[in-house]
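Let me begin by presenting the structure, written as structure tokens, before commenting on it.
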Amino acid sequence: MLLLSWTGETCAQTKPVYLDESKPIEQRVEDALSRMTLDEKIAVIHAQSKFSSAGVKRLGFPDLWTDDGPHGVRPDVLWDEWEQAGQTNDSCVAFPALTCLAATWNPQLARRYGESLGEEALYRNKNVMLGPGVNIYRTPLNGRNFEYMGEDPWLASRMVVPYVQGLQGKGVAACVKHYALNNDEEHRHQVNVIVSDRALREIYLPAFEAAVKEGKAWAIMGAYNLYKNQHNCHNDILLNKILKQEWGFDGVVISDWGGAHDTEEAITNGLDLEFGTWTDGLTMGATNAYDNYYLAAPYRKLLAEGKYTTKELDEKVRRVLRLMFRTNMNRQRPYGSMCSEAHYETARNVAQEGIVLLKNNTAKEGGRVLPIPADARILVVGENAIKMMTVGGGSSSLKVQHEISPLQGMQERFSNVTYARGYVGDVTGNYNGVSTGQDLNDNRTPSELIAEAVEKAKAADYVVIFGGLNKADFQDCEGHDRKEYGLPYGQDALIDALVKVNSHVVYVNISGNAVAMPWAERVPAIVQGWFIGSETGHALADVLSGDVNPSGKLPFTWYKRLEDTGAHALGAYPGVWREGYKIIDEEYKEDIFVGYRWADQKRIKPLFSFGHGLSYTTFAVQSVTADKKTMHDGENISFTVNVKNTGNKAGAETVQLYVTDKKCSLPRPVKELKAFQKVYLQPGESKDVVLTLDKSSLSFYDDRIQAWNAETGEFEAKIGFSSDNIVQKLSFIFVGDK
């Protein structure tokens, strides 16, 4: 008879504590750790394939499987290659990109998004999903902005927490990325960010902190870039001091693929689980090189030499074991499902609420251009009306069960739809072995394509142009940043030609980034359509037809010119090469003044403001009251906002509350978003929306004392429907504890 463990019970044969789910996780972790050999410990802290790390087979721990990405479960690749495994059961639902999710300003939808993604991951036996991303939108040239949640730390914080909770509620770990200051794709392994402590704390860390403290994220992915000359996958300040010690993070720090660079830094500076070394994250390096990882044989060698004890190793293993007990060792996890009707409904709902009506002017004949009547003769123009957008863009590339194109959605909803190509852009349609199967080649010249579109536009009641960017290199794509703010492929000339012959032109911008629109005043209707996944065509047709009243709000400021953006106005992007061409020092000279904070400070009128988004109905704030005039330390203050739908269509509006500190010992933004709520109203209906502030809502990071500080004095609550549409202001006094 084999005695496996002794738990104080009279029975001589009991199962090990680590297998007893009635025991606290920490007790189970310690029991399992005590049974592991040195080789087993080393094995669980680095990858064994492109997307998996080893379990402990002797003890019954299965391998840990990760997968991209934040918008859907990436198709499986070969064990040691980036090419597809050729499976037939790994198609998925593509959910809208996270810029679109953020544009819903709806935390309840973020939870549904996370739950749906978690169910798809469970079906595919994925334990860790590599997302969501919450890096701040600092420049519209960042090729990876479409994977993130906009420019504002409060909005991103409120949207990431329910996403994480929804995903992990299904027993699948969220791996929040890319921690931190990951605002460049070009030369991303070499950018050393120079940023003030105040900007770091106020702008770039809050969403990560919320994901950890409120969302209880089980994993964090380190970023490729450097901070204070240390790579962020093994950065003492970010990982040890802030994440683990200050925030109390008890999960696993996972390197971005190829983000580890040094064994000793990886040992001491907070990295727990290493992936992707020996490749740059995208290409092949050496076959089966996993024993060469920094946390593999080189670590084993340093232990054997006595340079390190197992103290750091045991702490890394504890975290990995804890992650396993929460995921693949959790026998109470629900079953998953793939490509269900409910998941497609979630994808469509997120897209519907995230699509932003940017402009809807009166047409020459009278009345608004949108929505489009059911019997209208519609000309659809543009490559983006037919091009699949779920393939490409980097690690978020997917293999979908289906993707409804904008043209297909319009044809299903309207009875009289014709098409003209208009322009030719990226015709490749392949990424890591996944092919769209589309032949987009067209040998006509730009002038021929424009001439065809113009001729057809003359006979149409409405012209709907689907343009913007795509997921090719140097557009919205991992690995490179955009080279220019303007639209590619000669689209400006196409738009100019069409508005001359038709007064009902609708431009739908497909992208995850703002673009230059020199023709914006001449185009009567503009819609931001994002990358919205499997249900793209259906959701866009829902909004353009008026079947769904648009309610999306921009999660970033849309500047007229690139030079209006703080980072570019100050020459603070993309940084300066150090002598020797190994490191780029990029100083965030705009400091805390990012996005609308910069526009307010410099009195710049953007093309479309942060929080902007129109509707087919109208709303009014009828009254605002506060529950107190003086707020003492330790108290909250609540504002009751009565909102009325003053139009004739049911719709939703997002009430936004910004805070202004009237007098502060340090410079502060003109206003900062600190509360919001989306409200759904029938025509003529009114509701009270309650928005609450606490001390943290009034605080700034005081780098003089290295702490958050709320100073006694007068504050102003500004309530409105966007950052440049403030309709009510209320002053109140805060009395601090000093």
Side-chain angles (χ1 to χ4, degrees), residues 101-111 149-159 161-162 349-350 352-358 548-557 595-597 600 608-628 631 636-647 649-660 669-694 696-698 715-732:
L101 177 62
T104 70
W105 290 58
N106 186 340
Q108 289 75 34
L109 265 185
R111 181 179 294 274
M149 294 188 180
E151 74 184 26
D152 184 76
W154 179 255
L155 175 62
S157 297
R158 294 312 92 204
M159 297 301 290
V161 168
N349 291 163
V350 171
Q352 289 167 336
E353 289 203 27
I355 293 168
V356 184
L357 179 59
L358 296 173
V548 168
N549 197 341
S551 61
K553 298 283 188 174
L554 283 179
F556 53 74
T557 303
Y596 68 89
R597 291 165 168 82
D600 284 347
F608 304 111
S609 65
F610 172 79
H612 170 75
L614 304 177
S615 172
Y616 296 149
T617 189
T618 54
F619 300 90
V621 169
Q622 300 198 117
S623 64
V624 180
T625 58
D627 65 350
K628 56 176 65 76
M631 171 186 170
N636 296 339
I637 183 170
S638 294
F639 299 86
T640 301
V641 184
N642 185 265
V643 187
K644 183 176 182 180
N645 182 341
T646 56
K649 291 181 180 290
E653 180 58 280
T654 300
V655 183
Q656 303 165 34
L657 189 158
Y658 298 81
V659 171
T660 296
V670 173
K671 61 180 180 293
E672 297 178 274
L673 180 73
K674 292 299 177 181
F676 64 87
Q677 185 173 325
K678 197 166 194 174
V679 58
Y680 299 83
L681 298 168
Q682 295 296 319
E685 183 183 13
S686 62
K687 286 183 181 178
D688 284 342
V689 172
V690 179
L691 302 173
T692 301
L693 305 177
D694 59 16
S696 68
S697 307
L698 314 180
F715 289 80
E716 189 172 60
K718 297 179 176 179
I719 292 93
F721 300 136
S722 70
S723 64
D724 68 349
N725 184 13
I726 303 300
V727 297
Q728 292 275 6
K729 302 176 183 178
L730 266 73
S731 293
F732 63 97

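- Remark: Tyr596 pairs with Phe610, Tyr658 by the ring pair (Phe, Tyr, Trp, His ring centres under 6.0 Å) rule, at least two apart or across chains.
- Nearest heavy-atom pair across Gly354 and Ala103 is O-CB, 3.4 Å.
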Can you check side-chain hydrogen bond (donor to acceptor under 3.5 Å, both in side chains) on Glu151 and Thr557, steps first, answer last? CA-CA 8 Å; Glu151 74 184 26; Thr557 303; 2.8 Å; yes
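- Every residue was checked against the side-chain hydrogen bond (donor to acceptor under 3.5 Å, both in side chains) condition with Ser686, not counting sequence neighbours, and none meets it.
- For Val548, the side chain to side chain contact (heavy atoms under 4.5 Å, CB included) test picks out Gln352, Asp542, Val543, with sequence neighbours left out.
- Phe639 meets the ring pair (Phe, Tyr, Trp, His ring centres under 6.0 Å) test with Phe732; sequence neighbours excluded.
- Note that CG of Asn636 is 8.5 Å distant from CG of Leu693, once rounded to the nearest 0.5 Å.
- By the 4.5 Å heavy-atom criterion applied to side chains, Val641 and Gln677 are not counted as neighbours.
- Between Val655 and Val679, the shortest heavy-atom contact is CG2-CG1, 4.4 Å.
- By the 4.5 Å heavy-atom criterion applied to side chains, Pro550 and Ile355 are not counted as neighbours.
- By the side-chain hydrogen bond (donor to acceptor under 3.5 Å, both in side chains) test, Thr104 is found to be paired with no residue, residues two or more places apart in sequence or in another chain being considered.
- Considering only residues two or more places apart in sequence or on other chains, Thr646 meets the side-chain hydrogen bond (donor to acceptor under 3.5 Å, both in side chains) condition with Thr618.
- By the 4.5 Å heavy-atom criterion applied to side chains, Phe721 and Val621 are counted as neighbours.
- With Trp105 contributing its side chain and Lys553 its backbone, the two residues share a donor-acceptor pair below 3.5 Å.
- Annotation: side chain of Leu681 is not in contact with side chain of Glu653 (no heavy-atom distance under 4.5 Å).
- Side chain of Asp627 to main chain of Ser638: a donor-acceptor pair is present (N/O by atom type, distance under 3.5 Å, no hydrogens or angles).
- Partners of Thr660 by side chain to side chain contact (heavy atoms under 4.5 Å, CB included), not counting sequence neighbours, listed by chain and number: Lys662, Lys671, Glu716, Lys718.
- Under the side-chain hydrogen bond (donor to acceptor under 3.5 Å, both in side chains) criterion, Glu685 pairs with no residue at all, not counting sequence neighbours.
- Within the model, atoms CG of Asn725 and CD1 of Ile719 stand 12.5 Å from one another, a figure rounded to the nearest 0.5 Å.
- For the pair Leu101/Met149, a side-chain contact is recorded, criterion being any heavy-atom separation below 4.5 Å from C-beta on.
- Leu554 CG to Phe608 CZ: the interatomic distance, rounded to the nearest 0.5 Å, is 8.0 Å.
- The side chain to side chain contact (heavy atoms under 4.5 Å, CB included) search around Thr640 returns Thr625, Asp688, Val690, not counting sequence neighbours.
- Heavy atoms only, all atoms of each residue included: Gly651 and Phe619 are closest at C-CZ, 3.7 Å.
- With Lys649 contributing its side chain and Thr617 its backbone, the two residues share no donor-acceptor pair below 3.5 Å.
- Within the model, atoms CD1 of Ile637 and OG1 of Thr692 stand 9.5 Å from one another, a figure rounded to the nearest 0.5 Å.
- Not counting sequence neighbours, the partners of Arg597 by the salt bridge (charged side-chain N to carboxylate O under 4.0 Å, His left out) test are Asp152, Glu672.
- The distance from the CH2 atom of Trp154 to the OG atom of Ser697 is 5.5 Å, given to the nearest 0.5 Å.
- Counting heavy-atom neighbours within 6.0 Å of Lys678 NZ, excluding the residue itself, gives a total above 12.
- Residues passing the salt bridge (charged side-chain N to carboxylate O under 4.0 Å, His left out) test with Lys674: none are found, sequence neighbours excluded.
- The line from CG of Asn645 to OH of Tyr680 is 13.5 Å long, rounded to the nearest 0.5 Å.
- Remark: Ala650 pairs with Gln682, Pro683 by the side chain to side chain contact (heavy atoms under 4.5 Å, CB included) rule, at least two apart or across chains.
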